[in-house]
Amino acid sequence: MNRRALVLSLAACLPLSHAFAQNPYPTKPIKLVVPYAPGGSADIAARLVADEWGKALGNSIFIENKGGAGGNLGVDQVAKSAPDGYTIGLQTVSLAINPALGTKMPYDTLKDLSPISTVATSQHVLVVNNGLPAKSLNELITQLKAKPGGMSYGSAGSGSTFHIAAELFKSVGNLDVMHVPYRGGGPALVDTISGQVQMAFPVLSAAQPHVQAGKIRALGVTGKQRSALMPDVPTIAEAGLPDYAFETWFMVFAPAGTPGAVIEKLNSGLRSALANPAIKARMTKEGYDPMPSTPVEARTRLERELPQWAKLVKERGITSE
């Protein structure tokens, strides 16, 4: 082998991490795939952090919305992308719920993805139609137990976080309430206001204007702590169901095999963005609680919650649309 051929051969064998060391990452814009249509909670969370995150990394981050299959299409796009740090994704707690919903998954959550960090959490809120006499959670539970199956709740669709929040409520409270799935959270909220369904578990930020306007009544937020958006509304746990807690979290991830140095740089940049007081204020105003983590902590969350949600899904007979 001549000298030139030897040099080329050795260069081809250099690990990807060495290539990144020679060309500091990132050298071009980064695509952040959001697996839902624009305007939803995941899309808003991504847009709240993308610009500041890009500044911290020294290059821009642009968002690509790829909806379909409950978020699975967009996540699969990331899973099958080159593990070079230039295509990453953001998904909700559905990342841990979807594998249990009975559809054939195009990717393996733990094998095909490299978690970067959690970004934030947000809460749902139990709201009821003003026509219901219940003024508190305990009063609502009493009414539901008096008429098993006699009331209904609307969701953003089968398998959605609205649906999961409600089924967990039914499970913890041993309640019988009929599920009415809609094509999105907006229609479910509209029909709760009009009385077509008696209650719903919308995201807190979507429900807040209607609660403030007196169109619906909020009986409890789903998280472990009260929300700054509705400080006078108790958690469902403190209002009567102490074992209840549900939060939607948002997590960013890369394809499996992405170099550790790239994951760490993405993590560091996100932490910097989330520490910015202006970003924190904007997120709080929109109903998000910033929650950065290490990559290991993010993976541990997935490993812990995948079996937890699988158990609830099986017990409640929840399926995707």
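Residue numbers start at 1 and run along the sequence shown. Every value quoted in this text rests on a predicted model; they were computed, and no experiment measured them. The figures that follow rest on heavy atoms only: side chains count, while hydrogens, waters and symmetry mates do not.
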Any donor-acceptor pair under 3.5 Å linking the side chain of [X] with the backbone of [Y]?
| X | Y | result |
| --- | --- | --- |
| N267 | S293 | yes |
| Q198 | S152 | yes |
| K31 | I61 | no |
| R47 | I63 | no |

Output, in order, the C-alpha distance, side-chain angles, deciding distance and verdict of side chain to side chain contact (heavy atoms under 4.5 Å, CB included) for F250 and T118.
-> CA-CA 6 Å; F250 303 86; T118 47; over 6 Å; no
In the structure I gave you, are the side-chain heavy atoms of [X] and [Y] within less than 4.5 Å of one another anywhere?
| X | Y | value |
| --- | --- | --- |
| L101 | V313 | yes |
| M230 | V211 | yes |
| K265 | P26 | yes |
| M178 | M151 | no |
| D84 | T258 | no |
| V125 | T222 | no |
| L274 | V49 | yes |
| Q91 | N98 | yes |

Apply salt bridge (Lys or Arg N to Asp or Glu O under 4.0 Å) to E139 and K135, showing your working.
-> CA-CA 7 Å; E139 290 180 5; K135 299 297 191 296; over 6 Å; no
List the steps and the verdict of side chain to side chain contact (heavy atoms under 4.5 Å, CB included) for H210 and I193.
-> CA-CA 8 Å; H210 302 293; I193 294 171; 3.6 Å; yes
For the [atom1] atom of [X] and the [atom2] atom of [Y], what is their distance to the nearest 0.5 Å?
| X | Y | atom1 | atom2 | answer |
| --- | --- | --- | --- | --- |
| Q308 | I97 | CD | CD1 | 11.0 Å |
| S94 | M251 | OG | CE | 12.0 Å |
| L32 | S60 | CG | OG | 11.5 Å |
| S117 | L270 | OG | CG | 5.0 Å |
| D51 | N276 | CG | CG | 11.5 Å |
| T27 | N59 | OG1 | CG | 7.5 Å |

Hey, are E297 and R301 close enough for a salt bridge, meaning a charged N less than 4.0 Å from a carboxylate O?
->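 Answer for the salt bridge query: no.
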Minimum-distance pair of heavy atoms, taken over all atoms of [X] and [Y]:
| X | Y | answer |
| --- | --- | --- |
| H179 | S155 | NE2-OG, 2.7 Å |
| L113 | R299 | O-NH2, 2.9 Å |
| L241 | G173 | CD2-CA, 3.9 Å |

Mind checking what makes side-chain contact (heavy atoms from CB on, under 4.5 Å) contact with N129, not counting sequence neighbours?
->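 Listed in chain order: nothing, the list is empty.
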Going by atom types alone, do H124 and T248 pair a side-chain donor with an acceptor below 3.5 Å?
->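 Yes, because at least one side-chain N or O of H124 sits under 3.5 Å from a partner of the opposite role on T248.
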If we ignore angles and hydrogens, is there a donor and acceptor under 3.5 Å between the side chains of Q123 and Q225?
->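 Absent: no donor and acceptor within the cut-off.
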Taking the six-membered ring for Trp, are the ring centroids of Y86 and Y25 within less than 6.0 Å of each other?
->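 Ring centres of Y25 and Y86 closer than 6.0 Å.
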Show which residues join V203 in its hydrophobic cluster (side-chain heavy-atom contacts under 4.5 Å, direct or indirect), or state none.
->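 V203 shares its hydrophobic cluster with F162.
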Please tabulate, for side-chain N and O atoms in residues 282-291, each donor-acceptor pair with protein atoms closer than 3.5 Å (sequence neighbours left out).
{"unit_1": "T284", "atom_1": "OG1", "unit_2": "K280", "atom_2": "O", "d": "2.9"}
{"unit_1": "Y288", "atom_1": "OH", "unit_2": "S41", "atom_2": "O", "d": "2.7"}

State whether the number of non-hydrogen atoms from other residues, nucleotides or ligands found under 6.0 Å of K314 atom NZ is greater than 12.
->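 It does not: K314 NZ has 12 such atoms or fewer within range.
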K145, NZ: over 12 other non-hydrogen atoms inside 6.0 angstrom =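 Check passes, neighbour count above 12.
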Could you pull out all residues at least two apart from D112 that satisfy side chain to side chain donor-acceptor pair (under 3.5 Å)?
->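 Expected list: none.
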Sole candidate of L306, L302, L90 that passes side-chain contact (heavy atoms from CB on, under 4.5 Å) when paired with L95 |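 Exactly one option meets the side-chain contact (heavy atoms from CB on, under 4.5 Å) with L95, and it is L302.
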Could you point out which residue of S158, S160, P187 forms a side-chain contact (heavy atoms from CB on, under 4.5 Å) with P181?
->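 Exactly one candidate clears the test, S158.
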Check the pair L137 / I236 against side chain to side chain contact (heavy atoms under 4.5 Å, CB included), numbers first and verdict last.
-> CA-CA 7 Å; L137 182 68; I236 289 175; 3.8 Å; yes
Which word best sums up how the rings of H163 and Y153 line up, parallel for under 30°, tilted for 30 to 60°, or perpendicular for over 60°?
->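 Rings of H163 and Y153: tilted, 30 to 60°.
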Do the ring planes of W309 and F246 sit parallel (below 30°), tilted (30 to 60°) or perpendicular (above 60°)?
->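 Correct class here is perpendicular.
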Pairs meeting criterion ring pair (Phe, Tyr, Trp, His ring centres under 6.0 Å) with involvement of residues 34-84, two or more places apart =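 Those involving residues 34-84 do not exist here.
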Sequence-distant partners of W249, ring-ring contact (aromatic ring centres under 6.0 Å, His included), two or more places apart |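 Counting only residues at least two positions away or on another chain, W249 forms no ring-ring contact (aromatic ring centres under 6.0 Å, His included).
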Verify side chain to side chain contact (heavy atoms under 4.5 Å, CB included) between E167 and E315, making sure each step is shown before the conclusion.
-> CA-CA 10 Å; E167 290 300 316; E315 289 176 349; over 6 Å; no
